[in-house]
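Presented below is the structure to which this report refers.
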Amino acid sequence: MEHQTLPLSCSPKFSTHMLFVCLLIFATLTPASANFYKNIDHTWGDDRVQILDNGQVIRVTLDQTSGSGFQSRGEYLFAKIDLQIKLVPGNSAGTVTAFYVSSTGEFHDEIDFEFLGRVEGDPYILQTNMFLHGVGKRETQFFLWFDPTADFHNYTILWTPLHIVLSVDGIPIRELKNKKEKGAPFPLRQPMRIYASLWNADSWATRGGAVKIDWTKAPFRAWYKNLSADGCLWSDGKSNCSSSSASWLSSTLDRVSQRRMKWAQTKYMFYDYCTDTKRFPQGLPLEC
């Protein structure tokens with residue numbers, strides 16, 4: 001995740017056109033079977049990570065001492081990952097609740113959902129970002145069309161050799177296509193693990209860092225449930241793929257999905273790095 005202060009303004013159905021053949025195995029954690037006791041490792045924050053409801057819900061906490069987070073036990077090379085999240089209610093300014101996938105190493109790949117904490121009464125900001133071969137600075141920012149603290153909502157990372165699609169409650173909000181013909185980087189070779197966390201980012205997260213965390217409101221808590229990860233598992237330095245196939249692996253956005261994405265971007269997106277010529281005076285990134 002990249003800590004970047006950006007300018008703020010105020011107030012499915014897939015087709016199965018096969019572009020090329022890819023080997024995979026269909027390894028699934030369905031919402032019915034996913035269990036945080038079995039599928040997740042607690043990575044930091046001590047007992048600030050709490051597994052509830054017989055393994056069906058996980059709660060993360062941030063206090064003045066530490067935030068907290070967890071990761072999947074499995075790594076994937078291409079996947080469709082769904083996770084339901086209920087965000088920190090009230091005054092969450094300065095906090096970031098995150099759901100992302102990432103490889104390891106200096107030149108890592110990463111795909112982020114980051115929810116930037118708010119002053120109570122303001123809307124939450126959803127920031128998406130991607131690191132490609134170790135380079136980030138690929139943010140988009142949205143307001144949401146619902147209150148993400150009132151109930152759980154579903155967030156999806158679809159990562160295939162063709163494209164990356166980020167969706168909210170089944171509505172695509174961002175697509176990054178593999179534009180190898182332009183020489184643009186794209187994550188094709190490094191497996192990624194699933195991560196989630198709640199942490200202190202008050203140097204940049206709310207109004208460019210102008211609003212700090214009000215620790216009198218601590219502890220801050222967010223909740224995750226219904227993890228579903230369909231993908232190609234990585235083990236012992238290789239992918240255990242076979243010739244079986246899944247519809248999402250070769251999917252493209254059909255016209256309905258494209259219209260939904262245009263609706264989300266037109267009404268709710270207020271920052272797109274691909275239009276920020278001041279930030280990239282030497283030219284926009286190749287994928288733009």
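When reading the values below, keep in mind they use all heavy atoms of this one structure, side chains included, and skip hydrogens, waters and symmetry mates.
Here the straight-line distance linking atom CD of Gln71 with atom CH2 of Trp44 works out to 12.5 Å at 0.5 Å rounding. Considering CG of Leu286 and NZ of Lys182, their distance stands at 8.0 Å, rounded to 0.5 Å. In this structure, the separation between CE on Met269 and CE on Met261 is 9.0 Å, given to the nearest 0.5 Å. Separation of atoms CG (Asp41) and CZ (Phe36) is listed at 12.5 Å; rounding is to 0.5 Å. Summarising the geometry, atom CG belonging to Leu198 is positioned 11.5 Å from atom CZ belonging to Arg59; distances are rounded to the nearest 0.5 Å.
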Quiz item: How far apart are the C-alpha atoms of Trp234 and Tyr76, what are their side-chain angles, what is the distance that settles it, and do they pass the ring-ring contact (aromatic ring centres under 6.0 Å, His included) test?
Solution: CA-CA 5 Å; Trp234 185 266; Tyr76 300 88; over 10 Å; no
Exercise. Could you walk me through whether Phe270 and Phe143 pass side chain to side chain contact (heavy atoms under 4.5 Å, CB included), step by step?
Key: CA-CA 8 Å; Phe270 62 89; Phe143 295 120; 3.6 Å; yes
Quiz item: Can you check ring-ring contact (aromatic ring centres under 6.0 Å, His included) on Tyr195 and Phe70, steps first, answer last?
Solution: CA-CA 6 Å; Tyr195 297 88; Phe70 60 91; 9.3 Å; no
Quiz item: Between Ile81 and Thr156, is a side chain to side chain contact (heavy atoms under 4.5 Å, CB included) present by the stated rule, with each step listed?
Solution: CA-CA 6 Å; Ile81 301 163; Thr156 305; over 6 Å; no
Practice problem: Go through the steps to decide whether Thr275 and Asp272 satisfy the test side chain to side chain donor-acceptor pair (under 3.5 Å), and finish with yes or no. | Solution: CA-CA 6 Å; Thr275 64; Asp272 181 1; 5.0 Å; no
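In this structure, the side chain of Thr206 does not engage the main chain of Ala93 through any donor-acceptor pair within 3.5 Å. Looking only at distances, a side-chain donor or acceptor of Thr160 sits under 3.5 Å from a matching main-chain atom of His163. Of the possible donor and acceptor atoms, none in the side chain of Ser197 sits under 3.5 Å from a partner among the backbone N and O of Trp199. Looking at Glu110, its side chain never comes within 3.5 Å of a backbone N or O of Phe131 through a donor-acceptor pair. Within the 3.5 Å criterion, the main-chain N or O of Tyr273 finds no donor-acceptor partner in the side chain of Arg279. The closest donor-acceptor contact from the side chain of Gln50 to the backbone of Asp47 lies under 3.5 Å. The backbone N or O of Ala218 sits nowhere less than 3.5 Å from a side-chain atom of Arg221 that would complete a donor-acceptor pair. With hydrogens and angles ignored, the 3.5 Å screen pairs no side-chain donor or acceptor of Asn39 with any backbone N or O of Leu227. Looking at Ser103, its side chain does come within 3.5 Å of a backbone N or O of Asp109 through a donor-acceptor pair.
Note on ring orientation: taking the six-membered ring where Trp is involved, the planes of His153 and Phe146 are parallel (angle under 30°, cut-offs 30° and 60°).
A ring pair (Phe, Tyr, Trp, His ring centres under 6.0 Å) with Phe115 is found for exactly one of Tyr124, Phe99, Tyr155, namely Tyr155. The side-chain contact (heavy atoms from CB on, under 4.5 Å) with Thr128 is formed by just one residue from the set Leu176, Ile173, Asp112; it is Ile173. When each of Tyr224, Phe220, Phe113 is tested with Thr97 by the rule side-chain contact (heavy atoms from CB on, under 4.5 Å), just one qualifies, namely Tyr224.
Using a 4.0 Å cut-off between charged nitrogen and carboxylate oxygen, Asp82 and Lys225 do not count as a salt-bridge pair. Ion pair Arg48/Asp63 flagged as a salt bridge, since at least one NZ, NE, NH1 or NH2 atom sits closer than 4.0 Å to an Asp/Glu carboxylate oxygen. With respect to Glu139 and Arg174, no salt bridge is recorded, no charged nitrogen being found less than 4.0 Å from a carboxylate O. Between Glu75 and Arg193 there is a salt bridge, since at least one side-chain N of the basic residue sits less than 4.0 Å from a carboxylate O of the acidic one. Ion pairing between a basic and an acidic side chain is recognised when a charged N comes within 4.0 Å of a carboxylate O; Arg207 and Asp122 show such pairing.
The shortest distance between side-chain heavy atoms of Asn200 and Trp215 falls below 4.5 Å. Residues Ile111 and Met192 form a side-chain contact, since some pair of their non-hydrogen atoms from C-beta on lies under 4.5 Å apart. The shortest distance between side-chain heavy atoms of Leu166 and Pro172 does not fall below 4.5 Å. A heavy-atom distance below 4.5 Å is found between the side chains of Pro161 and Leu188.
When the side chains of ILVMFWY residues are joined at heavy-atom separations under 4.5 Å, either directly or via intervening members, Leu87 and Ile171 end up in a single hydrophobic cluster. Linking ILVMFWY residues whenever their side-chain heavy atoms come closer than 4.5 Å, directly or via other members, leaves Trp204 and Val119 in distinct clusters. Two different hydrophobic clusters hold Val88 and Trp223 under the rule that ILVMFWY side chains link at heavy-atom gaps under 4.5 Å. Ile51 and Val57 end up in different hydrophobic clusters when Ile, Leu, Val, Met, Phe, Trp and Tyr side chains are linked at under 4.5 Å. Under a hydrophobic-cluster definition in which Ile, Leu, Val, Met, Phe, Trp and Tyr are linked whenever side-chain heavy atoms come within less than 4.5 Å, directly or via other members, Leu83 and Phe152 are assigned to different clusters.
Across all non-hydrogen atoms, the minimal contact from Lys80 to Leu158 is CB-CD1, 3.9 Å. Closest of all the heavy-atom pairs between Pro185 and Leu132 is O-CD1, 3.4 Å.
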